[in-house]
There are 4 protein chains.
Amino acid sequence: MSSASPAFAGIVPPVATPLLPDHTVDHASLTRLVEYLVDAGVAGLFALGSTGETAYFTDDQRVAILETIATANAGRVPIIAGAIELTAPRIIETARRLVDAGADAIVTTAPLYTLNSQAEIADHFRTIAAAIDAPLWAYDVPVRVHKKLGLELLIQLGTEGVIAGVKDSSGDDVGFRRLIAANEAAGRPLQLLTGHEMVVDAMLLAGADGVVPGAANVEAEGYVRLFDAARRGDWDTARSEQERINRMFDIVFQPTGLSGDATGVGAFKAAMKARGLIEHATMAHTVTPLDADAVDKVSGVLAGVELLPAATR
Amino acid sequence: MSSASPAFAGIVPPVATPLLPDHTVDHASLTRLVEYLVDAGVAGLFALGSTGETAYFTDDQRVAILETIATANAGRVPIIAGAIELTAPRIIETARRLVDAGADAIVTTAPLYTLNSQAEIADHFRTIAAAIDAPLWAYDVPVRVHKKLGLELLIQLGTEGVIAGVKDSSGDDVGFRRLIAANEAAGRPLQLLTGHEMVVDAMLLAGADGVVPGAANVEAEGYVRLFDAARRGDWDTARSEQERINRMFDIVFQPTGLSGDATGVGAFKAAMKARGLIEHATMAHTVTPLDADAVDKVSGVLAGVELLPAATR
Amino acid sequence: MSSASPAFAGIVPPVATPLLPDHTVDHASLTRLVEYLVDAGVAGLFALGSTGETAYFTDDQRVAILETIATANAGRVPIIAGAIELTAPRIIETARRLVDAGADAIVTTAPLYTLNSQAEIADHFRTIAAAIDAPLWAYDVPVRVHKKLGLELLIQLGTEGVIAGVKDSSGDDVGFRRLIAANEAAGRPLQLLTGHEMVVDAMLLAGADGVVPGAANVEAEGYVRLFDAARRGDWDTARSEQERINRMFDIVFQPTGLSGDATGVGAFKAAMKARGLIEHATMAHTVTPLDADAVDKVSGVLAGVELLPAATR
Amino acid sequence: MSSASPAFAGIVPPVATPLLPDHTVDHASLTRLVEYLVDAGVAGLFALGSTGETAYFTDDQRVAILETIATANAGRVPIIAGAIELTAPRIIETARRLVDAGADAIVTTAPLYTLNSQAEIADHFRTIAAAIDAPLWAYDVPVRVHKKLGLELLIQLGTEGVIAGVKDSSGDDVGFRRLIAANEAAGRPLQLLTGHEMVVDAMLLAGADGVVPGAANVEAEGYVRLFDAARRGDWDTARSEQERINRMFDIVFQPTGLSGDATGVGAFKAAMKARGLIEHATMAHTVTPLDADAVDKVSGVLAGVELLPAATR
C-alpha cells in the first residue's frame, strides 16, 4: 500500500556503494559518504540505484548496504531505495526486506527480461504497491530497462495512488516536460525527479521537483547551490553553477573503450577517491577497473575545477 | 565448475509452466506435460526458460517447478534449467538451488539491467561456472537481454571449458551459421541448440546439434520426426514436417494487440488446453489473458492441422 | 566553400509546404505563410526541412518552393534550405540548384541508406562544403537518419570552417548541452539551433542561439515573445510563454493510429487551415490525411488556447 | 505498370561497381566483371544495389553504369536495377531513366528519411508501379532503411500485381520462412530472393527462388554449383559448397575498425582485385579504403580456399 510519500524535493543523490579491494562493501567509507552528503544539504538519499551498482549485489548485500546508509543518516533525510528485480513477485520479496531495513520509500522499474504491454506494466506496479508497506516510485530508465514508461501510464498510476513519484532517467526532455504539464493538470499526484544531471537548471526551469545526480557523490555542494538558486528564481546563478558542475562532470568522458557501467561509476569512484571521500575506487565484480591513465585524467579534470584537496593537487 | 555436460542432441523443449486459475503452479498438469514430452521422444528438457515464464516466479516457485519436472522425468532425459537473474552473484544463488533440485545443467544469459562490455560478460560467465556444480550453458536472446553474445566470446568460453553449449534465440541465422563453423574449427567445444522453431530443418542442415521449440509443448511428435529425418539425411521429409508444424505454429499469430509474452505463451497454453495436455491456460500474473475470440482462432488453427482430439473438434 | 554564414539567432521556423488537393504546391498559400512568419518577427526561414515535407518532392518541386519563399521574403530575413539526399554527390546537385534559387545557406544530414563511420561522415560534409557556394549547416535528426552526429565531429567541422552551424533535433538534451559547452570552449565556431520546440525556454537557458519550431507555422508570435523574454533574462515570462505554447502543441497528440509524418505535419496543417493561414490541409502524396475527428480535436485544442479566429470558434 | 516479370530464379549477383583511382566508374573492369558473371552461369544481374554502392552515385552515373552492364550482358540474362531514392516521385524519376537504359525490372525500398505507416508504404509501391514501364520488386533491407516490410504488405502488393518479387536482406530467417509459406498459400504471386549469402543452402531448402550474393562478385561458380545441387535435391553437396563459400566469405571479417560499407564492399573489391577480376579496389568517395594489412588478410583467406591465381599466390 502506498501511504503519503515523504517529500524528495531538492537534491537526492543516488548513493554510490564504496567497495573494498575484495569487492565486499566498505561500510566505513559508505558511512563517511552518507555523512558528507547529508552535511552538504541534500534533501534525501536514493539508495541502491544504478550509481549504487545495485544490480551486482545479492539481496543480503543490499540489506547490509541500506542498513549502513540508514544508520549513518539517522533519520535526518528520507531514504528511497531501489528494488531492482525481474518482476513483481521477486521485487516484492526484495522491497519488503529493504523497507524492514529502513527505506522510507521504494523505487522500481518496469519488468526486466519480459515482453509486456503498458497495461501489464500498470498491473505490475499495482501489484507491488499493494504488497509493500511504503510509498512506491517508478523509475524510468530505458537505457537499462529497454522500455519507456508512458505518460498516460504514469499519470494513471499517480491518480490511483499507486505511485508517489517518478525518477526520470529517460533522456527524453520533451517527454519529461509533457509529464510535468500532465501532472500539473491532474492536480500534482506525482513528485517528479530528473536524473539528467548536466541540465538540472533547465529541468528545474521546466518544473522538476528534484534531482538525482550521480555526480553529487563527487561534489554535492554545487548541486545544492544550484537548486537553491533555482528555487529563488535566480536562473543566471543556477546556470553558472550548472556550467561549473558540467566542467567537473567531464570526468565521465575520460575513460575510453570501457563499458557504460565501468565508465560512469568508474569515473565517479575514481574522483571520490581522489577527493578523499572513499578509500578505494573498486567497482562491483566483473566490471573492468579504470586504468592509471584514466584515473590521472579524472584527477586532472578535478584539479581544473579546483576540487582536489591541497595535498593531492 | 563445469564438468562434462550431458548431451542435449535432439529436441529439448522449453517446458511450459501450467498454472491454476489463482496463478499458482499446477503441478498435476506439469507432471502430465513432462510425461507427454518424454514419451514423445524428446532428448532433454529445458526447464524454467522464457516459455516457462520463469521471470515471473520467485526462486521458491522455481525450485518447486523444477522438482516436479525432475520427479516426473525420473532421470529418463537430462534436464537443463534456466537461472535467469540480473548478475553473477544473484544467478549463482538461484543456480545452486536449481542444481540441488535436480538440474543436470544450468543455462543463463548475459547480465540484465547493467551496461557491460564483452570482456565483462566473459567474466560474468567465468564467475558463475566456477561457483556452481553443473555444466553451464549460455543463452543468447537479445530480444529480452538487449545484448548479443559475440562469436569470439562464445568460442573463447567454450575453449576454456567455461560453457558447454549455447542456446541461440538471437534471430540471426547468419551469426548462428558462423558460430557453427567456428565451433567446428575449434574442435567442437560447444553443443549448439537453436530456438528458431520455424526453420529447424534449415538450422539442422546448417549444423545445429539440437532444437528448443516452444511449440513442442503443443505437439512434440512432429519435431521428433523432423529431427530424425534430418539425422538420416532425408531433407525432403524434414522440410515437409517443418511446413506442417509451421501451419500449426500459426497459433501464435492469432492473438492481436497483446504483449509479446501474452501472445506467444498465451497461444501455446490455449492450444495445450485445447488438446487436453493441461487443465488451464492461465498465464503468469500481470500477463493479459487471451480473449475468447483468440482462443477460438487458436483452436481453429489446430483443427486445420488435425491436432484436436475428436471430442473437441 | 563555406563563407561567413548569416546569423540565424532567434526563431527560424521550418516553413511548411501548403499543397493543393491534387498534391501540387499551393504557391499562393505558401506566399501568405511566408508573409505571416516574417511579419511575426522571425529571424530566418528554414525552407525544405522535415516539416516542409521536403523528402516527398522532386528537385524541380523543391526549387519552385524555394523560389516562392524567396520571392515572398524579399530579402528581409536569411533563408537556410534543406538539401536532403542520399550522399555527397547527390546532395551537391540539389544544393547548387537551391543556392541558385535563393538559399543563403544549405543544411543537410549525414548520408542516408549507407553505413558510414564518423570519419566518413566528416568527409561527406567536407566534400559538400567544398562544392557549394553557400555556408553549410549540419542537421542532426537521428529519428530520420538513424545516425547521431558526434560531438567531436561537429566541433572539428566547425573549427575547420566546414560547417557554420548545427540544427539539433536529436532529442538528446544532455548531448546538446555538451555541444554548447564544447562550442564555447572552441571559440564559438558554430551557431546552434534546437528543434526541441516544447523546451525552448530550457534550451535557451542552456545556451542555444536559436530555435526551429515546426509549431511556429501555426502561431509564430508566441515563440518570438518567448525568445525575446529569454534574451532579456526574464525566465519566468519565457517559461509561461512556453507552457502556453505547449498547450497549443497538444494538437500533435490528437491524431491516433497514423504514421509520424501524418501525425506531426498533419496536425500542423490542420491547425494552419483552421486558423486561416493556408487554404488546404493536404499532405504530400502517400501520407494518410487526418480524419474528421482528429481535425475537430485539433480545432478544439486551438480554441482552448484562444487561437481560432472569431468566425470559426 | 507491372507487366510479367522475367524470372530471377537462380543466382542473381548484385554487380559491384569497379572504380578508377579518381572514383569515376571503371567501365572496362565493369564490362569484364559482367562477362565473368554471365559466363559463370548466373540467372540474372542485380545492378545498382547496395553492393554496387549505388547510393554514392548521381543518376547520370547510375545510367552510365547500367548501360555498361546492359551492353556487356547483351540480353543473355535479365537485369534488375535498384532505384534507390527517398520517396515515390524521386524514385520514379530515377527508375524511368534506368528502364530506358536497359533495366528489365526495377527494385526499390520503402521510403527513406520519412516516417511512414505500412499503409503509406503500400501506396508508395503502388504509386511507383503505376508510373514505370517495368515490373517492380520490393527490397527489404532494414539495416539501411530502418523499416521492415511486413508480411501482409508484401502478399497484398503481390496479389494486386503491384510487385513481382521481393529481395529479402532483412536478416530475419523466420520472417522469410513465413513469407514463403504465405506466398505459396496465395498462389505464388511473388518471386522470393534471399540476400543471406552465408545460409543459401538453408534458404533454398526453405523455399527461396533465388539468391543475391555479394560474394558472387568474388567467385560466382560456387554459388551456381550450390544452387544446382539444391535444385536436384542434393543437400549434402549444397551444404558442402556453402561451407566452402563461407570460408571464402571470411574475407569480410578481416578489416577491423571500419564502417559497414568500407568493410563489406571493401573486402569484396580487394578480393576481386586480388583475383584479377577488376583493376582497382577503389571504393566510392568518402568511404575509407582498406589498409595494406587488411588487404593482405583478404588475400590470405582467398589463398586458403585456393581462389588466387597461381601468379599471385
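Labels below follow one simple rule: chain letters A, B, ... track the order of the sequence lines, proteins then strands, and each chain is numbered from 1. Side-chain atoms are counted along with the backbone in the values below, which use heavy atoms only and exclude waters and symmetry mates.
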Distance-only donor-acceptor screen, chain A against chain B, under 3.5 angstrom:
unit_1: S50(A); atom_1: OG; unit_2: Y113(B); atom_2: OH; d: 2.9
unit_1: A55(A); atom_1: O; unit_2: T87(B); atom_2: OG1; d: 2.7
unit_1: Y56(A); atom_1: OH; unit_2: N116(B); atom_2: ND2; d: 2.9
unit_1: F57(A); atom_1: O; unit_2: R90(B); atom_2: NH1; d: 2.9
unit_1: D59(A); atom_1: OD1; unit_2: R90(B); atom_2: NH1; d: 2.8
unit_1: D59(A); atom_1: OD1; unit_2: R90(B); atom_2: NH2; d: 3.1
unit_1: E85(A); atom_1: OE2; unit_2: R90(B); atom_2: NH2; d: 2.7
unit_1: T87(A); atom_1: OG1; unit_2: A55(B); atom_2: O; d: 2.7
unit_1: R90(A); atom_1: NH1; unit_2: F57(B); atom_2: O; d: 2.9
unit_1: R90(A); atom_1: NH1; unit_2: D59(B); atom_2: OD1; d: 2.8
unit_1: R90(A); atom_1: NH2; unit_2: D59(B); atom_2: OD1; d: 3.1
unit_1: R90(A); atom_1: NH2; unit_2: E85(B); atom_2: OE2; d: 2.7
unit_1: Y113(A); atom_1: O; unit_2: R144(B); atom_2: NH1; d: 3.1
unit_1: Y113(A); atom_1: OH; unit_2: S50(B); atom_2: OG; d: 2.9
unit_1: L115(A); atom_1: N; unit_2: D261(B); atom_2: OD2; d: 3.2
unit_1: L115(A); atom_1: O; unit_2: S259(B); atom_2: OG; d: 3.3
unit_1: L115(A); atom_1: O; unit_2: D261(B); atom_2: N; d: 3.1
unit_1: N116(A); atom_1: ND2; unit_2: Y56(B); atom_2: OH; d: 2.9
unit_1: E120(A); atom_1: OE1; unit_2: S259(B); atom_2: OG; d: 2.8
unit_1: E120(A); atom_1: OE2; unit_2: S259(B); atom_2: OG; d: 3.0
unit_1: E120(A); atom_1: OE2; unit_2: T288(B); atom_2: N; d: 2.8
unit_1: E120(A); atom_1: OE2; unit_2: T288(B); atom_2: OG1; d: 3.4
unit_1: T127(A); atom_1: OG1; unit_2: H285(B); atom_2: NE2; d: 3.2
unit_1: R144(A); atom_1: NH1; unit_2: Y113(B); atom_2: O; d: 3.1
unit_1: S259(A); atom_1: OG; unit_2: L115(B); atom_2: O; d: 3.3
unit_1: S259(A); atom_1: OG; unit_2: E120(B); atom_2: OE1; d: 2.7
unit_1: S259(A); atom_1: OG; unit_2: E120(B); atom_2: OE2; d: 3.0
unit_1: D261(A); atom_1: N; unit_2: L115(B); atom_2: O; d: 3.1
unit_1: D261(A); atom_1: OD2; unit_2: L115(B); atom_2: N; d: 3.1
unit_1: H285(A); atom_1: NE2; unit_2: T127(B); atom_2: OG1; d: 3.2
unit_1: T288(A); atom_1: N; unit_2: E120(B); atom_2: OE2; d: 2.8
unit_1: T288(A); atom_1: OG1; unit_2: E120(B); atom_2: OE2; d: 3.4

Fill in the blank from the handout: Heavy-atom closest pair (V143(B) atom, L115(A) atom, distance to 0.1 Å) is O-CD2, 3.7 Å
Handout entry: Side chain, backbone, both or neither of I84(A) within contact of chain B (heavy atoms, under 4.5 Å)
Key = both
Practice task
Against chain B, work out which of P111(A), G257(A), G260(A) has the most heavy-atom pairs shorter than 4.5 Å and name it.
Solution key: G260(A)
Practice task
Please determine, among I92(A), V287(A), V145(A), the option with the most heavy-atom pairs under 4.5 Å with chain B.
Solution key: V287(A)
